[in-house]
Amino acid sequence: MSMGKQKITTNPVLDKLRNGEAAVGAWLSLASPVAAEAMAHIGWDWLTVDTEHSPVGFETMVNCFRAAQLGGAVPMARVPWNDIIWIQRTLDAGALGLVVPMVNTREDAQHVVDNMKYATRGQRSFGGSRVASYIDGDYRFWADDNIAVMVMIETVEAVENAEAILSVEGVHGCFIGPNDLALSMGLTFKEMGGEEHEAAMAKVLQACRNTGKAGGKHCYNGAEVTQRIQQGFQYLALSSDAGLLLKGARDEFSAIDRSGAPAIAGAGAKGSLY
Ligand code: 3PY
Ligand code: MG
């Protein structure tokens with residue numbers, strides 16, 4: 001059952017992860033509900049508003065959640081930090097899953113779970129949630145095992161501790177941040193995706209297999225998403241609204257020929273301008 005049209009009984013993203021399927025989405029970094037709504041209709045399983053590295057404001061984030069829901073994508077957010085205030089407010093604002101950055105130890109992961117769960121499992125305080133009326137059931141209990149808890153593994157320390165992190169009860173999976181991981185390993189941009197970087201990511205994937213949790217990664221293009229699914233990753237982000245916009249704009253801008261040469265095939269083509 002998809003988000004938006006009818007009440008959901010379970011979180012469709014977690015349904016997929018639990019079934020061993022891939023759940024593919026994208027990051028929302030443009031701080032634009034209009035872009036979010038346009039993106040949502042593509043068919044993504046989820047859309048994650050990035051509040052760690054984008055200038056999005058809190059109310060705009062809520063409108064991005066609404067836009068995602070309208071298109072049938074599960075609204076999620078990456079919080080800026082493993083912080084009870086951010087986590088509580090973002091869940092109350094309607095996120096059905098959180099990606100939490102820089103989770104380096106088992107204790108960090110336990111702290112994420114504590115922050116995201118109501119008593120008796122955690123310390124989240126009850127104040128309702130914007131999405132309570134979109135789910136079938138009592139949100140307080142529904143939330144317990146239906147809000148996706150995704151911890152980011154993006155440092156050498158986290159890779160070392162991956163199995164301990166993932167074995168924490170309540171953690172559904174992890175999400176590799178390739179950039180911070182490379183920085184932590186002292187790798188240059190050119191060395192990203194090289195043997196050392198890939199070996200660290202393979203270690204995380206093995207930890208996922210050993211613990212029965214879902215592995216995830218931020219991917220650069222569709223080909224990489226396909227490759228990672230084949231490797232066994234399940235929670236895949238394909239770039240971001242900002243990245244995809246820039247890629248399309250760059251490709252088309254660089255295809256313009258101002259030399260006066262005869263028009264290339266495709267000029268005069270009809271398609272969608274919007
Ligand atoms: C990273 O690459 O560090 C990320 O956080 C990607 O989302
Ligand atoms: Mg990062």
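Only this structure's heavy atoms are used, side chains among them; waters, hydrogens and symmetry mates stay out. Both counts, for ligands and for their atoms, begin at 1 and track the order of listing.
- The protein atom (non-hydrogen) at minimum distance from atom 7 (O) of ligand 1 is H218 ND1, 2.8 Å.
- Ligand 1 has no atom lying under 4.0 Å from any heavy atom of H53.
- Not less than 6.0 angstrom separates the ring centroid of W46 from the ring centroid of F175.
- With a 4.5 Å cut-off on side-chain heavy atoms, V99 and Y235 count as touching.
- If you put the vertex on the Mg ion (ligand 2), OD2 of D180 and OE1 of E154 sit 100° apart, to the nearest 10°.
- Geometrically, R130 does not engage F65 in a cation-pi contact defined by less than 6.0 Å to the ring centre and at most 45° from the axis.
- Of all the atoms in ligand 1, the ones that sit under 4.0 Å from a non-hydrogen atom of D180 are 1 (C), 2 (O), 3 (O).
- Close contacts between ligand 1 and E154 involve ligand atoms 1 (C), 3 (O), 4 (C), 5 (O) [criterion: under 4.0 Å to a heavy atom].
- Heavy-atom contacts of N179 reach the following atoms of ligand 1: 1 (C), 2 (O), 3 (O) (cutoff under 4.0 Å).
- Of the charged side-chain nitrogens involved, at least one lies within less than 4.0 Å of a carboxylate oxygen, so that E198 and R228 count as a salt-bridged pair.
- D114 and Q110 form a side-chain donor-acceptor contact under 3.5 Å, judged by distance and modelled atom types alone.
- Contact annotation: the side chain of M116 never approaches that of R121 to less than 4.5 Å [non-hydrogen atoms, C-beta and beyond].
- A salt bridge between D92 and R124 is present, with a side-chain N of the basic residue lying under 4.0 Å from a carboxylate O of the acidic one.
- Annotation for ligand 1: atoms under 4.0 Å from non-hydrogen atoms of P178 are 1 (C), 2 (O).
- Atoms of ligand 1 found under 4.0 Å from any heavy atom of R78 (numbered from 1 in listed order, with element): 4 (C), 5 (O), 6 (C), 7 (O).
- With ligand atoms numbered from 1 in the order given, ligand 1 contributes 4 (C), 5 (O) to contacts under 4.0 Å with heavy atoms of M152.
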